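All remarks here apply to the structure that follows.
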Amino acid sequence: MVNGIRAKRQDTFVKKLSSKIANGVRRTLINDGIQDTGCPLKIIKIEYARRIPLFHGMHRFLGALVQLQGGRVKQLPVRHFPRFAGTAKYNLWNRAWKPLVDTFGFRWIRSRWKNYEIGEQHHRPVAATATTSGRP
């Protein structure tokens with residue numbers, strides 16, 4: 001997987017600080033080494049993407065979910081563009097509480113994670129049974 005790291009972020013001080021704190025807490029609690037889960041650049045091989053479980057907040061854990069499957073994550077700095085339209089629907093409270101709850105949810109998923117591979121299915125021939133009607 002390739003994950004971007006927003007270089008020279010053009011956000012407000014509060015946004016940058018809350019992002020640094022949230023990424024630091026998440027990284028400490030799950031130890032995945034991902035620096036910037038908020039960067040929208042994420043390129044994932046299809047064999048990993050197909051096995052990622054869907055849940056609210058999963059976007060914060062895509063790198064960790066790929067790592068659970070035995071995949072590697074490469075992080076690259078990317079140019080950051082400031083918001084040019086609309087307003088963010090996040091504030092300091094929901095930037096902190098929901099990600100923290102999601103992190104504990106991820107830890108629960110990780111503790112129960114099973115890596116598996118579906119192999120070829122082999123069919124055994126079904127033996128013919130004799131009829132009981134008396135007819136040949």
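All values derive from a computational prediction rather than experimental measurement. In this chain, residues are counted from 1 in sequence order.
Side-chain contact between V73 and Q67 is present, with heavy atoms from C-beta onward closer than 4.5 Å. At a threshold of 4.5 Å between non-hydrogen side-chain atoms, the residues L100 and L29 count as touching.
Under the 4.5 Å side-chain contact rule for hydrophobic residues, L62 and W108 share a cluster. Tracing side-chain contacts under 4.5 Å through hydrophobic residues (I, L, V, M, F, W, Y), one reaches F55 starting from I34; they form part of the same cluster. Criterion: ILVMFWY side-chain heavy atoms under 4.5 Å apart, direct or through other members. Under it, I43 and I52 are not part of a common hydrophobic cluster. V78 and M1 sit in two unconnected hydrophobic clusters of ILVMFWY residues. Membership requires side-chain heavy atoms under 4.5 Å apart, directly or through other members. Taken together through direct or relayed side-chain contacts under 4.5 Å among Ile, Leu, Val, Met, Phe, Trp and Tyr, M58 and W113 form part of one hydrophobic cluster.
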Is there a side chain to side chain donor-acceptor pair (under 3.5 Å) between S19 and R9 once you walk through the steps?
CA-CA 11 Å; S19 180; R9 283 186 67 174; 2.9 Å; yes

Candidate pair V101 and K98, rule side chain to side chain contact (heavy atoms under 4.5 Å, CB included), full reasoning:
CA-CA 5 Å; V101 170; K98 286 181 183 180; 5.8 Å; no

I would like to know whether V25 and T103 meet side chain to side chain contact (heavy atoms under 4.5 Å, CB included); could you show each step before the answer?
CA-CA 9 Å; V25 169; T103 299; 5.9 Å; no

I would like to know whether L65 and F106 meet side chain to side chain contact (heavy atoms under 4.5 Å, CB included); could you show each step before the answer?
CA-CA 9 Å; L65 290 164; F106 173 79; 3.7 Å; yes

One pair to check against side chain to side chain contact (heavy atoms under 4.5 Å, CB included): Y48 and R50. What are the steps and the verdict?
CA-CA 5 Å; Y48 295 121; R50 285 186 173 145; over 6 Å; no

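Using modelled atom types, no side-chain atom of R107 and backbone atom of I30 make a donor-acceptor pair closer than 3.5 Å. For N115 (side chain) and L68 (main-chain N/O), a donor-acceptor pair under 3.5 Å exists by modelled atom type. Q75 places a side-chain N or O within 3.5 Å of a backbone atom of G33 that can act as its donor or acceptor partner.
The structure places NZ of K45 at 12.0 Å from CD of Q69, a figure rounded to the nearest 0.5 Å. Going from atom CD1 of I5 over to atom OG1 of T37 covers 11.0 Å, rounded to the nearest 0.5 Å.
Annotation for K16: atom NZ counts as buried by contact number, over 12 foreign heavy atoms lying within 6.0 Å.
Closest heavy-atom contact between A7 and P77: CB-CB, 4.2 Å. When every heavy atom of H80 is checked against every heavy atom of K8, the shortest pair comes out as CB-O, 4.2 Å.
Within the structure, the salt bridge (Lys or Arg N to Asp or Glu O under 4.0 Å) test picks out the following pairs touching residues 30-41 (sequence neighbours left out): R6-D36, R26-D32.
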